[in-house]
Amino acid sequence: MSPHRQRLQITAATPDPALLDLPWHIPLEEWPAETLAALPRGISRHIVRFARLSGRVIAIKEIGETVAYREYELLRQLRRLDVPSVEPVGVITGRRSPEGEPLEAVLITQHLQFSLPYRSLFSQSLRPDTATRLIDALAVLLVRLHLAGFYWGDVSLSNTLFRRDAETFAAYLVDAETGDLHERLTDGQREYDLEVARVNIIGELMDLQAGEFLEEDVDAVAIGNALAERYRELWRALTEVESFGYGERWRVQARIDRLNDLGFDVGELDITSDLDGTSVRIQPKVVESGHHSRRLMRLTGLDVGENQARRLLNDLDEYRAATDRQAEDESFVAHDWLTEVFEPAVRSIPRELRGKLEPAQIFHELLDHRWYLSQQQHRDVPLNEVAKSYVKHILPSRPDEQSILGIQPGDLRDQTDTFPAIDDDQLIG
């Protein structure tokens, strides 16, 4: 074994021996192309590269040893709290060049499949409200982080990855470098995070406008302000105390139903009444995101995004009504829907096109396409016909989102032979 490998220290919950085959004795910036997964490079606070490892893709970031260990532990804690974030793989220290020169430590995370940096989303032909949908996703992520007691410290679109979730997006934290976990955040900590997010987002959107990726008439300041409004609206819905008369106990269930509609389950309520029994106060003590996705998982075993689950459950309900099986056990109906509707539809997609989108997202788009064709043809178009049309006319033009970044050089509308600058920090943190 060469000297530089003998000095390596690998910290990982489940170490992969294949890690030893990567060229840790070479500065990350100089790694050979055959080792890397091809990606456009950009300006970054840290050197970040992607590599294939045991059939998966990992993101590698050179960073100070102390910070690497701290971020690794924070990401592990966030995963345990079920907060959407990248999965930490490990930290490697003790790197040295063949000449014995010390090299910086690296933090390794697993690449999030089907995820998209915000810049690549604006490189595609998306609906004009893309920025608003990203802001909504980031607001939900920030609320979930704050409920878990996580202070981010550097909230931005660049430090977030996005995955399609039906007609919306789901946001994932990829940079915990400036974060800190507390038992509970103060209002001041939350408001500071929110202000940092607002300022950063306005700057990022203006940067996109300067690069002609975003229309000039889009009001970046209004979108940044909308994040704060959306955050506060959701925070109030999840945490505010509600008082009502003793005879209005139905409002307890109404509050739970409202939170379920927002995609949250109520794990525990704090209910108190006055001594004279004239009024009642309720406040959610424990809320968990994923109400619809948990229900779909329980019924079908499908693990999908919250809004994808909502759409699939709606189709399941329609199937149940169409087959006149409302009186049957829901789990039996769900099994038949899975085997007779969902799985055949996904299998109808040619194998070479299945990497375009997640199966649940493909099914969601098939339902959208079915609605469009049915309106156009004034009939209820069967799903097998819909799939043929979708595969022929829609799916081939979609970018391959299972790929590392979800974009190819030409997708970014760059007029030169080089990639436009993309901050590598948006890919790993």
Side-chain angles (χ1 to χ4, degrees), residues 44-46 61 63-64 66-86 88 107 117-118 131-162 169-208 219-241 262 264 283-289 423 425-426 428-429:
S44 170
R45 288 177 300 172
H46 307 289
K61 174 171 71 172
I63 193 171
T66 303
V67 179
Y69 279 122
R70 184 175 181 278
E71 187 168 0
Y72 173 71
E73 287 301 329
L74 276 173
L75 288 173
R76 290 186 67 192
Q77 291 179 64
L78 289 176
R79 298 286 293 184
R80 284 195 291 268
L81 292 170
D82 198 29
V83 173
S85 55
V86 291
L107 170 68
Y118 81 101
T132 302
R133 289 186 290 148
L134 295 186
I135 293 308
D136 281 346
L138 186 53
V140 172
L141 174 62
L142 191 55
V143 165
R144 291 186 63 180
L145 288 167
H146 286 175
L147 286 171
F150 184 78
Y151 166 75
W152 196 339
D154 191 17
V155 191
S156 66
L157 294 172
S158 297
N159 290 333
T160 311
L161 283 174
F162 298 89
F169 292 97
Y172 292 76
L173 176 144
V174 292
D175 186 343
E177 185 179 332
T178 57
D180 204 4
L181 201 57
H182 303 265
E183 185 174 340
R184 184 175 181 176
L185 295 185
T186 65
D187 290 343
Q189 286 171 316
R190 292 192 302 104
E191 286 297 325
Y192 184 81
D193 247 2
L194 197 55
E195 179 61 15
V196 167
R198 190 186 71 83
V199 172
N200 281 345
I201 287 165
I202 291 171
E204 288 167 325
L205 294 179
M206 286 181 172
D207 182 54
L208 287 174
D219 190 339
V221 175
I223 292 175
N225 292 338
L227 170 77
E229 295 170 10
R230 172 71 171 135
Y231 170 93
R232 292 192 177 104
E233 174 190 342
L234 187 55
W235 184 266
R236 284 195 301 269
L238 292 170
T239 64
E240 70 180 355
V241 178
L262 289 171
F264 289 83
Q283 179 180 19
K285 291 181 68 177
V286 179
V287 290
E288 296 180 280
S289 183
D423 186 349
D425 277 344
Q426 68 188 277
I428 174 176

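Leu75 approaches Pro88 most closely through the heavy-atom pair CB-CG, 3.8 Å. Between Leu227 and Ala197 the shortest heavy-atom distance is CD2-CB, 3.4 Å. Residues Ser156 and Glu204 approach most closely at CB-OE2, 3.3 Å, considering heavy atoms. Residue Arg70 comes nearest to Ala176 through the heavy atom pair NH1-O, 4.3 Å, listed as atom of the first residue, atom of the second, then distance. When all heavy atoms are compared, the tightest approach of Ala171 to Thr160 is CB-CG2, 3.7 Å. Between Asp82 and Arg144, the closest heavy-atom pair is O-NH2, 2.8 Å.
Contact check for Leu194 versus Leu142: side-chain heavy atoms found under the 4.5 Å cut-off. In this structure, Glu177 and Asp154 have side chains that are not in contact, with every pair of non-hydrogen atoms separated by 4.5 Å or more. No side-chain heavy atom of Phe162 sits under 4.5 Å from any side-chain heavy atom of Tyr172. No side-chain heavy atom of Pro84 sits less than 4.5 Å from a side-chain heavy atom of Leu173.
Side-chain atoms of Gln77 do not come within 3.5 Å of backbone N or O of Leu181 as any donor-acceptor pair. Side-chain N or O atoms of Arg79 include one that pairs as donor or acceptor with a backbone N or O of Ser85 at under 3.5 Å.
Rounding to the nearest 0.5 angstrom, the gap separating the CZ atom in Arg184 from the CD atom in Gln189 is 11.5 Å. Rounding to the nearest 0.5 Å gives a distance of 5.0 Å between CD1 of Ile201 and CG of Leu157. For the atom pair Glu229 CD and Leu234 CG, the distance stands at 13.5 Å (nearest 0.5 Å). Distance check, rounded to the nearest 0.5 Å: OH of Tyr69 to CD1 of Ile63 gives 13.0 Å. Residue Ile223 holds its CD1 atom at 5.0 Å from OG1 of Thr132, rounded to the nearest 0.5 Å. Note that the CG atom of Leu78 and the CG atom of Leu145 stand 6.5 Å from one another [nearest 0.5 Å].
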Show me the donor-acceptor pairs within less than 3.5 Å that the side chains of residues 146-153 make with the rest of the protein, sequence neighbours left out.
| residue | atom | partner | partner atom | Å |
| --- | --- | --- | --- | --- |
| His146 | ND1 | Tyr231 | OH | 2.6 |
| His146 | NE2 | Asp193 | OD2 | 2.9 |
| Trp152 | NE1 | Asp175 | O | 3.0 |

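Remark: Arg80 CZ is packed, more than 12 non-hydrogen atoms of other residues, nucleotides or ligands lying under 6.0 Å away.
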Task: Steps toward salt bridge (Lys or Arg N to Asp or Glu O under 4.0 Å) verdict (Arg133, Asp136) - done: CA-CA 5 Å; Arg133 289 186 290 148; Asp136 281 346; over 6 Å; no
TODO: Please lay out, stage by stage, how His46 and Leu107 fare under the test side chain to side chain contact (heavy atoms under 4.5 Å, CB included).
DONE: CA-CA 11 Å; His46 307 289; Leu107 170 68; over 6 Å; no
TODO: For the pair Thr186 and Glu191, evaluate side chain to side chain contact (heavy atoms under 4.5 Å, CB included) and give the outcome as yes or no after the intermediate values.
DONE: CA-CA 9 Å; Thr186 65; Glu191 286 297 325; over 6 Å; no
Open item on the list: Run Leu138 and Val155 through side chain to side chain contact (heavy atoms under 4.5 Å, CB included) and show every step you take.
Closed with: CA-CA 9 Å; Leu138 186 53; Val155 191; 4.3 Å; yes
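Using a cut-off of 4.0 Å between Lys/Arg side-chain N and Asp/Glu carboxylate O, Arg76 and Glu71 are scored as not salt-bridged.
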